[in-house]
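Atoms within a ligand are numbered from 1 in the order they appear, just like the ligands themselves.
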Amino acid sequence: QNDDDQLIIDAGQKQFGATTCNSCGMLYSADSPEDNFQHTQFHQRFLDTIKFVGWKKERVVAEFWDGKIILVLPEDPKYATKKAEDVRRIADSELGFQQVNLSSPSAAKTYLFINSDKMVVGCLVAEPIRQAFRVLAQPEKPKDMTKEDFMDHHRAWCCSSVPEKAICGVSRIWVFSLMRRKSIATRLLDTVRGSFMYGSPLTKEEIAFSDPTPDGKLFATKYCGT
Ligand code: ACO
Ligand code: ZN
């Protein structure tokens, strides 16, 4: 991208007043009263939800210079499961999921990344599974494809039809928009692999992502090295 393009983009944003709030991360148009109202509605609720005051008993499963990961299990005290659920709702609404139902709520493990500012900036929900269908890397698009070729291609690209053995299914992974590309998702997954099954670390192949989004696919492809 050259400087001219950048200038045009900046000018466009000014004109329509597009702003990203640097505390809640919402993108909205400051010129629009409706957008401003929506932002005000969202802002405090969001920050309250990701605020983490600290608990008497925390299951800390990993510690880093810039934060820690805690694990919440379904049988934990209400304050812990409620926080896990509230953060999961935020992730769900960003992912466009309508339902908050998990496939096996009694076995779901929620991993929360807490940063040094006491905010939950990452969330991963892992559930035990038996099998999964591998997401295949996108092949180079050959020239002169017919529509039929394209459809076949597209289908083949999505998922393999051969079930493979997997142990841990990642049904949600979410990182706060202002904290992305700082290896938070990577560290959540590494921690899941090390702690999901007591005493036996999982390989990358034993982890499966359910219905990844485009962001999720890019991340998973990089993480799994496929
Ligand atoms: N575009 C391109 N590459 C990416 C992207 C992206 N958006 N995100 C991650 N990667 C790749 C990069 O190679 C990155 O390494 P780099 O930063 O050194 O280049 C590598 O993956 C590791 O990325 P992390 O920093 O560990 O990932 P992050 O903490 O940013 O979280 C996530 C990634 C969870 C996908 C985040 O973008 C997010 O929350 N997105 C919105 C919610 C979402 O789509 N979640 C996935 C849904 S799928 C599911 O839940 C099963
Ligand atoms: Zn805000």
Exercise for the section: Establish whether atom 32 (C) of ligand 1 and some protein heavy atom are separated by less than 4.0 angstrom. Expected result: no
Exercise for the section: Could you check which N/O/S atom of His43 is closest to the Zn ion (ligand 2)? Expected result: ND1
Practice task
Say whether Ser171 and ligand 1 are in contact under the criterion: heavy-atom distance to a ligand atom below 4.0 Å.
Solution key: yes
Exercise for the section: Decide whether Tyr111 and Ser195 meet the rule of one side-chain donor and one side-chain acceptor closer than 3.5 Å. Expected result: yes
Practice task
Could you tell me whether Tyr79 atom OH has more than 12 heavy atoms of other residues or ligands within 6.0 Å of it?
Solution key: yes
Handout entry: atom 18 (O) of ligand 1 touched by protein heavy atom at under 4.0 Å
Key = no
Problem - Near-ring test Phe52/Phe113, centroid separation under 6.0 angstrom - result: no
Fill in the blank from the handout: So for Lys222 against ligand 1, with non-hydrogen atoms under 4.0 Å, the contacting part is side chain
Practice task
Classify the angle between the aromatic ring planes of His39 and Tyr28 as parallel (below 30°), tilted (30 to 60°) or perpendicular (above 60°).
Solution key: parallel
Problem - Of the N, O or S atoms in His39, the one nearest the Zn ion (ligand 2) - result: NE2
Handout entry: Heavy atoms from other residues, nucleotides or ligands near CD of Glu75 exceed 12 (cutoff 6.0 Å)
Key = yes
Handout entry: Test of proximity, Met179 against ligand 1: N or O pairs below 3.5 Å
Key = no
Practice task
Please assess Arg172 against Phe209 for the test side chain to side chain contact (heavy atoms under 4.5 Å, CB included), listing each intermediate value before the final yes or no.
Solution key: CA-CA 8 Å; Arg172 314 271 193 295; Phe209 294 82; over 6 Å; no
